[in-house]
Amino acid sequence: MGYHTKKELNVVAADINLKLYEGELVGLVGANGIGKSTLLRTLSRVQPALHGNIHLAEKELTSYKPLELASKLSIVLTEQIASKNITVQELVALGRQPYTNWVGKMTEDDIDKVRKAIEVTHIEDLVTKRCFELSDGQLQKVLIARAIAQDTPFIMLDEPTTHLDVYHKAYILKLLKRLAFETKKTILFSTHEIDFAIQLCDKMIVMNKEGFEFGRPKELVQARAFSGLFPEDLIIFDHKSGRYKVRG
Ligand SMILES: Nc1ncnc2c1ncn2[C@@H]1O[C@H](COP(=O)(O)OP(=O)(O)OP(=O)(O)O)[C@@H](O)[C@H]1O
């Protein structure tokens, strides 16, 4: 995966080979610029893979029609929101767009899915607010609610916990964990919260300069996958606690 620029081909990562299952919360970690967003964008068909195949539910990703794809996968990008002038209720309801008819009329089922998404993310008190009135953390929850309303079996989120305080970071990640478990969705998110991801994820993808490692957090800790992520002059990964520590 990577980019065709005017002059050259910029290959960000190659030989990525992995399989995700339903009901799994999967954390994607790695240093700045290593290719996490590129991977999410490639998996969600926002940009084409340079080489290889991606299958979603046994079907080649490129063979999906846009609306069909929108009923199978959703991606949450914080910067993506087109108009912040709409209300929270309207933004969450946009998650139902792939299913509504051309006039956008919602059925009872659509309305129910929107209501449940608002309930599960605990944003009931925000529904009448306009999106520009929200704090970053509130907007993050609203965007997650929209993805839940979209009700796709596969949800991807690019850094869903940036801008959040430590309590709300844990809150969002626990919410994703519960969602994956209870609704049997596959949830893949990129994060810099490696400590939290180790504690909460079923599996993790660790991207590094050599390639990537994939597995259960405990196995990855044992395999020392987190040691080589950053230059070790400043921080080192402590295998006992599963955390990074600043060198004394
Ligand atoms: N539109 C683009 N065109 C060309 N190269 C790009 C483009 N977007 C990103 N890149 C390059 O691809 C590489 C990976 O970037 P990417 O945004 O995927 O990293 P990341 O792991 O998500 O980083 P961060 O943790 O800082 O968000 C970087 O070297 C970046 O410069």
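Everything numeric here is computed off the predicted structure, so don't read it as measured data. Counting convention: from 1, in listed order, for ligands and their atoms alike.
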Nearest-neighbour protein heavy atom for atom 10 (N) of ligand 1, which is reported as residue plus atom name and distance: Y3 CE1, 3.3 Å
Side chain to side chain, M204 and V29, heavy atoms closer than 4.5 Å: yes
Atom indices of ligand 1, in the order listed, that fall short of 4.0 Å to a heavy atom of K36: 18 (O), 19 (O), 20 (P), 21 (O), 22 (O), 23 (O), 24 (P), 25 (O)
Numbering as shown, the atoms of ligand 1 that approach V12 to under 4.0 Å (heavy-atom distance): 12 (O), 13 (C), 14 (C)
Numbering as shown, the atoms of ligand 1 that approach N10 to under 4.0 Å (heavy-atom distance): 5 (N)
Enumerated ligand 1 atoms positioned under 4.0 Å from heavy atoms of R41: 8 (N)
Ring centers of Y244, F226 separated by less than 6.0 Å: no
Heavy atom of G30, distance to ligand 1 below 4.0 Å: no
Plane angle bin for H122 and Y171 - parallel if under 30°, tilted between 30 and 60°, otherwise perpendicular: tilted
Within reach of ligand 1, part of A31 (heavy-atom separation under 4.0 Å): backbone
Note: K72-E68 ion pair, threshold 4.0 Å (strictly below): no
E22 with K184: basic N within carboxylate O range, under 4.0 Å: no
Proximity of L39 to ligand 1 by residue part, where a heavy atom lies under 4.0 Å: neither
Side-chain touch I75/L157, heavy atoms, less than 4.5 angstrom: no
Atoms of ligand 1 close to S37 [distance to a heavy atom under 4.0 angstrom, numbered from 1]: 17 (O), 18 (O), 20 (P), 22 (O)
Pair K113 + D151, salt bridge at N-O below 4.0 Å: yes
Closer than 4.0 Å: a protein non-hydrogen atom to atom 31 (O) of ligand 1: no
Within reach of ligand 1, part of N32 (heavy-atom separation under 4.0 Å): both
Contact partition for H192 relative to ligand 1, non-hydrogen atoms under 4.0 Å: side chain
Shortest protein heavy-atom distance from atom 13 (C) of ligand 1, along with the residue and atom involved: G33 O, 3.6 Å
For E159, the ligand 1 atoms whose distance to one of its heavy atoms is below 4.0 Å: 25 (O), 27 (O)
Presence of salt bridge, K177 and E182, under 4.0 angstrom: no
Nearest neighbour in protein (non-hydrogen) for atom 19 (O) of ligand 1: G35 N, 3.3 Å
Side-chain donor-acceptor pair present, T107, Y99, cut-off under 3.5 Å: no
Ligand 1 atoms in contact with T38 (distance to a heavy atom under 4.0 Å): 14 (C), 15 (O), 16 (P), 18 (O)
Carboxylate-amine/guanidinium contact K169 D165, below 4.0 Å: no
